[in-house]
Asks: 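Here's a structure for you.
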Amino acid sequence: MRIDPWATARVADYDRLLKEFGIDRFDSSKLPNPQRLFRRGIVFGARGFDLIQGAIDARRSFAVLTGLMPSGPMHLGHKMVLDQAMYLHSVGGDLFVAVADIEAYATRGLSLEKAREVAIEEYIKSYIALGLPKKRCQVYFQSTRKAVKDLAYRAGRKVNFSTMKAIYGMDDQTNMAHMFAPLVQVGDILHVQLEEYGGPRPTVVPVGIDQDPHLRLTRDIAFGHRLTNAMAARDRRVGVFIKSDEDVEGLLGMAEGVASGLGFRKFKKIVKYKALYIEDAEAADVLALDAAMIREERSRNGLAFFTPSSTYHRFITLLTGDKMSSSKPDSAIFLSDPPGVAAQKILRAKTGGAVSVEEQRKTGGNPDGCSVFDMLMAHLVDDDWRLSEIKEDCRHGTRMCGPCKKEVAEMMQRFLGDLQERKAAAGETWKEFVVEDC
Ligand code: TRP
Ligand code: SF4
């Protein structure tokens with residue numbers, strides 16, 4: 001049971017994937033003005049998103065964390081993660097961008113200096129050109145953030161070698177830095193809940209499905225450190241449940257103390273169920289209650305966090321099958337591709353067209369299996385009405401692949417031309433986004 005960089009783009013397989021790995025189907029219906037990746041189902045899965053939805057609805061603070069590996073050029077697949085992160089920021093999240101320079105060093109052999117240069121030139125400047133916000137947003141390097149490395153080290157206590165082998169396929173030949181890299185990512189994801197980075201709050205990590213192993217590991221570690229678990233129970237009460245079998249009464253007392261501190265008064269303690277029901281609390285109070293529980297737990301065992309949430313987008317590629325990849329230049333459009341080269345890639349891309357023009361006039365095309373249509377859907381057309389018009393014309397055989405590809409190639413060429421101009425204009429402004437702790 002292992003997801004490695006997952007290699008398929010067909011929706012049927014994604015359904016199976018959700019089931020197999022216990023990922024929730026993503027429901028965008030309650031999001032305020034969902035960005036197109038969310039409203040078009042490109043973001044197809046999530047773990048624990050109800051926490052984030054709750055924070056958005058209640059206008060409570062939450063964090064958004066995304067990471068980039070500065071080992072190769074940035075492509076449109078990477079942009080999808082940023083698009084999600086910027087949307088989640090726009091609805092209230094504090095945005096953190098982790099530059100995984102330690103991971104690039106450990107797993108790809110780049111020097112930290114080289115990783116830094118790639119991060120700035122390829123990624124951070126592109127992010128700025130794509131609209132990275134300045135407020136409530138910071139970019140940092142793993143190598144200069146002590147809190148991340150300390151947390152990685154401490155979190156390591158909850159993981160053993162056999163877990164790492166099972167999740168990542170590590171073996172006796174894996175170098176120790178590589179072995180440790182996933183824990184640094186755990187540090188990335190959890191450190192935003194430390195007091196000095198905003199305190200305990202729900203955290204969402206938008207990623208491609210290939211990163212799910214890291215999320216499962218992080219969620220297990222986060223939950224593994226908790227002493228209690230607060231949730232809305234049936235009949236609209238809120239319950240705080242004690243996770244361990246030791247000192248249940250003491251911990252129930254702690255929970256009651258925390259809840260009293262927040263002003264709640266009506267408690268029902270059932271030691272047998274290891275539960276404290278708070279009868280004058282409602283579902284909307286769970287976030288505040290859990291944050292207070294976490295602070296109290298930290299004063300006892302040091303590490304307690306909201307279990308981080310994640311969202312998963314499906315991959316979009318110019319060829320069938322694989323995800324966009326730096327190692328297959330024809331599958332991906334790089335943000336630094338000369339616009340004419342990117343246009344050529346679109347013209348060569350895999351479409352959902354029929355074998356001949358005559359056939360396509362009769363049977364229509366298949367936009368759902370067309371990478372050119374995917375580009376429109378994910379990146380180039382924001383207007384839903386316009387997109388559905390294109391889709392219908394394709395299906396009805398009134399839109400032909402030749403002219404369609406040409407139009408999309410031109411759109412892509414313009415998009416990249418504009419982006420590259422803005423990127424060049426970004427100059428040294430990246431320094432205003434980066435926070436270096438040490
Ligand atoms: N491992 C990620 C990648 O290969 C990069 C990364 C590092 C990351 N830290 C992160 C992604 C935290 C999400 C959250 O691209
Ligand atoms: Fe794809 Fe356009 Fe051809 Fe339809 S007409 S299959 S959208 S390239």
Side-chain angles (χ1 to χ4, degrees), residues 4-5 63-72 74-75 77-78 80-82 84-85 95-108 115 119 123 139-143 145 148 152 168 178 181-192 203-215 217-218 308-312 318 323-326 346-355 357 359-361 363-377 380-381 387-409 411:
D4 242 354
V64 184
L65 182 112
T66 174
L68 62 94
M69 169 98 109
S71 61
M74 177 168 172
H75 54 60
H78 299 119
M80 289 203 287
V81 176
L82 180 68
Q84 289 172 67
L95 178 56
F96 294 80
V97 179
V99 175
D101 58 346
I102 292 184
E103 187 180 346
Y105 168 81
T107 66
R108 306 281 161 91
Y123 290 83
V139 179
Y140 72 91
F141 295 87
Q142 286 177 331
S143 65
R145 188 150 283 192
V148 166
Y168 300 105
H178 188 160
L183 287 167
V184 180
Q185 182 155 343
V186 171
D188 284 329
I189 297 172
L190 297 182
H191 92 284
V192 302
T203 303
V204 59
V205 186
V207 286
I209 190 72
D210 61 322
Q211 297 290 305
D212 186 49
H214 295 298
L215 267 302
L217 177 73
T218 313
S309 314
S310 50
T311 60
Y312 304 99
L318 291 177
K323 67 171 188 155
M324 275 200 183
S325 159
S326 313
I346 300 270
L347 296 177
R348 281 199 303 268
K350 177 90 183 122
T351 74
V355 285
V357 174
E359 187 64 21
Q360 192 162 338
R361 283 219 176 83
T363 62
N366 176 20
D368 293 324
C370 173
S371 66
V372 175
F373 187 78
D374 274 350
M375 286 295 149
L376 295 172
M377 180 160 73
L380 297 171
V381 177
L387 189 75
S388 69
E389 191 179 53
I390 293 172
K391 191 170 195 170
E392 286 314 300
D393 288 349
C394 169
R395 276 202 181 123
H396 293 131
T398 50
R399 189 179 176 92
M400 293 295 131
C401 292
C404 178
K405 283 202 276 192
K406 228 170 127 208
E407 188 187 333
V408 177
M411 288 167 90

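Just follow the structure's listing: the first ligand is 1, and inside any ligand the first atom is 1. We number each residue from 1, following the sequence as shown. When reading the values below, keep in mind they use all heavy atoms of this one structure, side chains included, and skip hydrogens, waters and symmetry mates.
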Asks: Students should be able to answer this: which protein heavy-atom is nearest to atom 6 (C) of ligand 1, and at what distance?
Replies: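 Heavy-atom neighbour on the protein nearest atom 6 (C) of ligand 1: Gln185 OE1, 3.6 Å.
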Asks: Distance-only, no hydrogens or angles: does the Ser309 side chain make a donor-acceptor pair with backbone N or O of Val204 under 3.5 Å?
Replies: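 Checking the backbone N and O of Val204 against the side chain of Ser309, no donor-acceptor pair under 3.5 Å is found.
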Asks: Return the CD to CD1 distance between Glu407 and Ile390, rounded to the nearest 0.5 Å.
Replies: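 So the CD of Glu407 and the CD1 of Ile390 are separated by 6.0 Å.
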Asks: Any nitrogen or oxygen of Gln211, main chain or side chain, under 3.5 Å from a nitrogen or oxygen of ligand 1?
Replies: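 N/O-N/O distance below 3.5 Å exists for this pair.
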Asks: Starting from atom 3 (Fe) of ligand 2, find the nearest protein heavy-atom neighbour and note its residue, name and distance.
Replies: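 Closest protein heavy atom to atom 3 (Fe) of ligand 2: Cys401 SG, 2.3 Å.
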Asks: Just which atoms of ligand 1 are under 4.0 Å from any heavy atom in Asp188?
Replies: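 With Asp188 as reference, the close atoms of ligand 1 come out as 7 (C), 9 (N), 10 (C).
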Asks: Is there a side-chain contact between Gln185 and Thr218 (heavy atoms, below 4.5 Å)?
Replies: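 In short, these two side chains do not touch, never coming nearer than 4.5 Å.
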Asks: Among Leu65, Thr218, Thr203, which one puts a heavy atom closest to atom 14 (C) of ligand 1?
Replies: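 That would be Leu65.
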Asks: Short list, please: which atoms of ligand 1 are under 4.0 Å from a heavy atom of Glu103?
Replies: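 It comes down to these atoms of ligand 1: 1 (N), 2 (C), 4 (O), 5 (C), 6 (C), 7 (C).
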Asks: Mark up the atoms of ligand 1 that fall under 4.0 Å of a heavy atom belonging to Val205, in ascending order.
Replies: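 So the atoms of ligand 1 that pass are 13 (C), 14 (C).
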Asks: When you measure from the side chain of Gln84 to the backbone N and O of Pro206, does any donor-acceptor pair fall under 3.5 Å?
Replies: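 Flag not set: sc Gln84 to bb Pro206 has no pair under 3.5 Å.
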Asks: Using a strict cut-off of 4.0 Å, indicate which atoms of ligand 1 neighbour a heavy atom of Ala100.
Replies: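 Going through ligand 1 atom by atom, the ones under 4.0 Å from Ala100 are 7 (C).
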Asks: Below 4.0 Å from ligand 2: does a non-hydrogen atom of Gly353 turn up there or not?
Replies: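 Distance cut 4.0 Å: Gly353 passes for ligand 2.
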Asks: In terms of atom number and element, which parts of ligand 2 are under 4.0 angstrom from non-hydrogen atoms of Gly352?
Replies: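 By the 4.0 Å cutoff, the relevant atoms are 6 (S).
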Asks: Classify the ring geometry between His191 and Tyr140 as parallel (under 30°), tilted (30 to 60°) or perpendicular (over 60°).
Replies: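 Rings of His191 and Tyr140: perpendicular, as their planes differ by over 60°.
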Asks: Out of Cys370, Ala349, Gly397, indicate the one that has the non-hydrogen atom closest to atom 1 (Fe) of ligand 2.
Replies: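 Nearest heavy atom to atom 1 (Fe) of ligand 2 lies in Cys370.
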Asks: Return yes when atom OH of Tyr105 has more than 12 non-hydrogen atoms of other residues, nucleotides or ligands closer than 6.0 Å, and no otherwise.
Replies: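 No, not enclosed.
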Asks: Are the side chain of Glu103 and the backbone of Ala181 linked by a donor-acceptor contact shorter than 3.5 Å?
Replies: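 Looks like no, no N/O pair under 3.5 Å.
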Asks: Is Asp101 salt-bridged to Arg145, cutoff N-O under 4.0 Å?
Replies: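 Looking at Asp101 and Arg145, the cut-off is not met.
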Asks: Any idea which part of Pro367 is under 4.0 Å from ligand 2, heavy-atom wise: side chain, backbone, both or neither?
Replies: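 It is neither part, as no heavy atom is under 4.0 Å.
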Asks: Using a 4.5 Å cut-off on heavy atoms from C-beta on, say whether the side chain of Asp212 contacts that of Tyr312.
Replies: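 Side-chain contact under 4.5 Å: yes.
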Asks: When you measure from atom 2 (Fe) of ligand 2 to every protein heavy atom, which one gives the shortest distance, and what is it?
Replies: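 For atom 2 (Fe) of ligand 2, the nearest protein heavy atom comes out as Cys404 SG, 2.4 Å.
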Asks: Say whether, by atom type as modelled, one donor and one acceptor occur between the side chain of Thr398 and the main chain of Asp393 under 3.5 angstrom.
Replies: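 Flag set: sc Thr398 to bb Asp393 pair under 3.5 Å.
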Asks: Among all protein heavy atoms, pick the one closest to atom 5 (S) of ligand 2 and tell me residue, atom and distance.
Replies: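 Answer for atom 5 (S) of ligand 2: Arg399 O, 3.6 Å.
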Asks: Report yes or no: does Cys394 have an N/O/S atom closer than 2.8 Å to atom 1 (Fe) of ligand 2?
Replies: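 No, since none of the N, O or S atoms of Cys394 sits under 2.8 Å from atom 1 (Fe) of ligand 2.
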Asks: Which of the numbered atoms in ligand 2 are below 4.0 angstrom from a heavy atom of Thr351?
Replies: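 Every atom of ligand 2 under 4.0 Å from some heavy atom of Thr351: 8 (S).
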